[in-house]
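Report on the structure given below.
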2 protein chains.
Amino acid sequence: MKVNATDIGQMASASDVIFDALREAIARGDVKEGQVLRQDHIARMFNVSRIPVREALTRLEEQGLVSTQRYRGAVVASLSIDEVREIFEFRALLEPEVLRHSIARISDEALAEAATYAEAFGTEHDSAKWGDLNRQFHYTLYREAGRPYYLQTISAALDRVDRYLRAQLVLTDGMERARREHEGILRACVARDADLAAELTRAHILGASQSLVAFLERTRKENGEALV
Amino acid sequence: MKVNATDIGQMASASDVIFDALREAIARGDVKEGQVLRQDHIARMFNVSRIPVREALTRLEEQGLVSTQRYRGAVVASLSIDEVREIFEFRALLEPEVLRHSIARISDEALAEAATYAEAFGTEHDSAKWGDLNRQFHYTLYREAGRPYYLQTISAALDRVDRYLRAQLVLTDGMERARREHEGILRACVARDADLAAELTRAHILGASQSLVAFLERTRKENGEALV
DNA sequence: ATATTGCAAATTGGATCCAAAAAACAGATG
DNA sequence: CATCTGTTTTTTGGATCCAATTTGCAATAT
C-alpha cells in the first residue's frame with residue numbers, strides 16, 4: 001500500500017498548538033517579560049476553553065519561560081543579568097562540544113545549507129529575521145552530532161535567552177561581528193577542523209555574552225527595570 | 001511582628017504534589033519503564049479529579065520522564081543504551097565544571113556534610129538508600145557553585161538516568177568502586193584542588209557509564225527488552 | 001490626605017460532564 | 001482455526017461549571 005500516511009497519533013493537540021505559539025512568542029520577545037498571561041484571554045484567542053491553555057502554561061513554566069504564583073497567574077519570566085551570564089556560559093560549554101561531534105560526520109549538504117543561512121544572515125535587512133537565521137545557522141551545524149539530548153538542552157537554553165540575543169544583535173554592533181564570526185566557524189567546519197570550529201564557537205558565544213551583559217548593565221542602570 | 005510566616009502563595013497545588021510524587025517514583029524506579037500511567041487510577045490514589053493528574057503528566061512529559069501518545073495515555077519513558085550513554089556523557093561534561101566553580105567558595109560545613117553522606121554511603125547496608133546518598137553527596141558538593149541553571153539541568157539529567165544509576169550500584173561492582181571514588185573526590189575538595197576534583201568527578205561518571213552500558217548490553221541481549 | 005476595612009469583580013484551581021478515539025470483545029465469515 | 005467486522009467498554013482531551021483566592025474599589029475612620 002502506498003499512501004502518504006501521516007501519524008495521526010502524533011497530531012498536535014490544542015495544548016500543543018498553544019504551547020508552541022506561546023513559546024515562540026516569548027522566545028522572540030513578542031510578549032515582553034513581566035507581562036501576565038491571562039488564561040481566559042489566551043483561550044479566547046485560540047477559541048478553546050481554559051483547560052488546554054493551562055496545560056500549555058504549565059509546560060512553559062516547566063521550561064522556565066514563565067513563572068507562576070498560585071491564583072495569581074503566569075508572568076513571562078525575566079532573567080537577571082547573572083542568569084543571562086550563566087546561560088550563555090552554559091551554552092559556551094555545550095555548543096562547542098556538540099559541534100565537535102557534528103563535524104566528524106556532517107554532510108556536504110548540511111554545510112551548504114549552513115552557508116546559505118550565513119549568507120542570508122549577512123544580507124538580510126529586516127532585523128527581525130536575524131535571530132531566526134542566526135539560530136538556523138548554528139542548528140544546521142549541530143544537527144548531525146547524534147546527540148539529541150544535548151540538542152534539546154541547548155534549544156531550551158536558547159529559548160530562555162533568545163530575546164536577549166536578538167536585542168544584542170540589533171542594539172549593539174553585534175550583527176556585523178556575528179556575521180564575521182559565522183564565516184570563520186563555517187570555514188573551520190568546511191575544513192573539518194573540529195578544534196578550531198569549537199574554539200571559535202566558544203568565543204562567539206562568550207563574546208556575545210560579554211557584549212550583551214555590558215549592554216544590559218548600561219540600560220538597566222538607566223531604566224531600573226528590564227525592557228527586553 | 002514576629003510570627004512563623006510561611007509563604008502561602010508558594011504552597012503546593014494538587015498538581016505539584018502529584019508531579020513530585022510521580023517524578024520521584026519514576027526516577028527511583030518504583031514504577032517500571034514502559035508502565036502506563038492511567039489518569040483515573042492516579043486520580044483515585046490522590047483523591048482528586050483527573051485535571052491535576054493530567055497537569056502533572058504533562059510536566060513529566062516536558063521533563064522527558066514519560067512519553068505520551070494522543071488518546072493512549074502516558075507511558076514511563078525508557079531509554080535506549082545510546083540515550084543512557086549520551087546523558088552520562090552530558091553529566092560528565094557539566095558536573096566537573098560545576099564542581100570546579102563550587103570548590104572556589106565551598107564552606108567547611110558543606111564539606112563536612114558531604115563527608116557524612118560519603119561515610120553513610122559506605123556503611124549503609126540497605127541498597128535502596130544508596131542512590132539517595134550518592135545523589136546527596138554530589139549535590140552537596142555542587143550546591144554552592146552559584147550556578148542554579150546548571151544545577152537544574154544536572155538534576156533533570158539525573159532524574160532521567162537515576163534508576164539505571166541505582167541498578168549499576170546494586171547489580172554490578174559499582175558500589176565499592178563508587179565508595180572509593182567518592183573518597184578521592186572529597187579529599188580533592190578538602191584540599192581545594194579544583195582540577196583534580198573535576199577530573200576525578202569526570203572519571204567517576206564516565207566509569208559508571210561504561211560499567212552500566214556494559215551491564216545493559218549484557219542484560220538486554222538476554223532479555224530482549226529493558227527491565228529496570 | 002492617608003490608611004483601613006468591607007465588599008464586588010476578576011481570576012485561578014479543581015470537579016464534573018461530554019464527545020472523540022482507542023482498546024477489548026463478540027459474532028460472522030472464510 | 002484464524003481473520004475480519006461491527007459493537008461495547010475504557011480512556012483520553014476538552015468544555016462547562018463551581019469554589020477558593022486575589023484584586024480593585026468604595027466607604028469609613030484616623
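Treat the numbers as computed from the prediction; the structure is a model and nothing was measured. Per chain, numbering begins at 1; letters A, B, ... match sequence-line order.
- Under a 4.0 Å N-O distance rule, the pair Asp40(B)/Arg38(B) does not qualify as a salt bridge.
- Residue-environment remark: CG (Asn47(A)) stays at or below the threshold of 12 foreign heavy atoms within 6.0 Å.
- A donor N or O paired with an acceptor N or O is found under 3.5 Å between the base of dG13(D) and the side-chain atoms of Arg50(B).
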With the criterion being N/O to N/O and under 3.5 Å, what pairs connect the protein with nucleotides 9-11 of chain D, and how long is each?
from	atom 1	to	atom 2	distance (Å)
dT11(D)	O3'	Arg38(B)	NH1	3.2

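- Going from atom CD of Glu55(A) over to atom C1' of dT12(C) covers 16 Å, rounded to whole Å.
- Between the base of dG14(D) and the side chain of Arg54(B) there is a donor-acceptor pair shorter than 3.5 Å.
- One interatomic measurement links the two molecules: CG of Leu57(A) to P of dT12(C), which rounds to 9 Å at whole-angstrom precision.
- Distance CZ (Phe19(B)) to C1' (dG13(C)): 18 Å, rounded to an integer number of Å.
- Between Arg70(A) atom CZ and dA19(D) atom P the separation is 17 Å, expressed in whole Å.
- In this entry the distance linking CZ of Phe46(A) with P of dG14(D) reads 13 Å, nearest Å.
- Protein atom CG of Asn47(B) is 13 Å distant from nucleotide atom P of dG14(C), rounded to whole Å.
- Taking a 6.0 Å sphere around CZ of Arg85(A), one finds it holds more than 12 heavy atoms contributed by other residues, nucleotides or ligands.
- Between Glu95(A) and Arg202(A), no side-chain nitrogen of the basic residue sits less than 4.0 Å from a carboxylate oxygen of the acidic one, so the salt-bridge criterion is not met.
- For the pair Ile51(A) and Ala74(A), both in contact range of DNA chain C, the more 5′-proximal nearest nucleotide belongs to Ala74(A).
- Distance alone, capped at 3.5 Å, is enough to place a donor-acceptor pair between the Glu83(B) side chain and the Ser80(B) backbone.
- Relative to the ring axis of Phe88(A), Arg91(A) places its NZ or CZ within 45° and under 6.0 Å from the centre.
- Between the CD1 atom of Ile42(B) and the P atom of dA15(C) there is a distance of 14 Å, given to the nearest Å.
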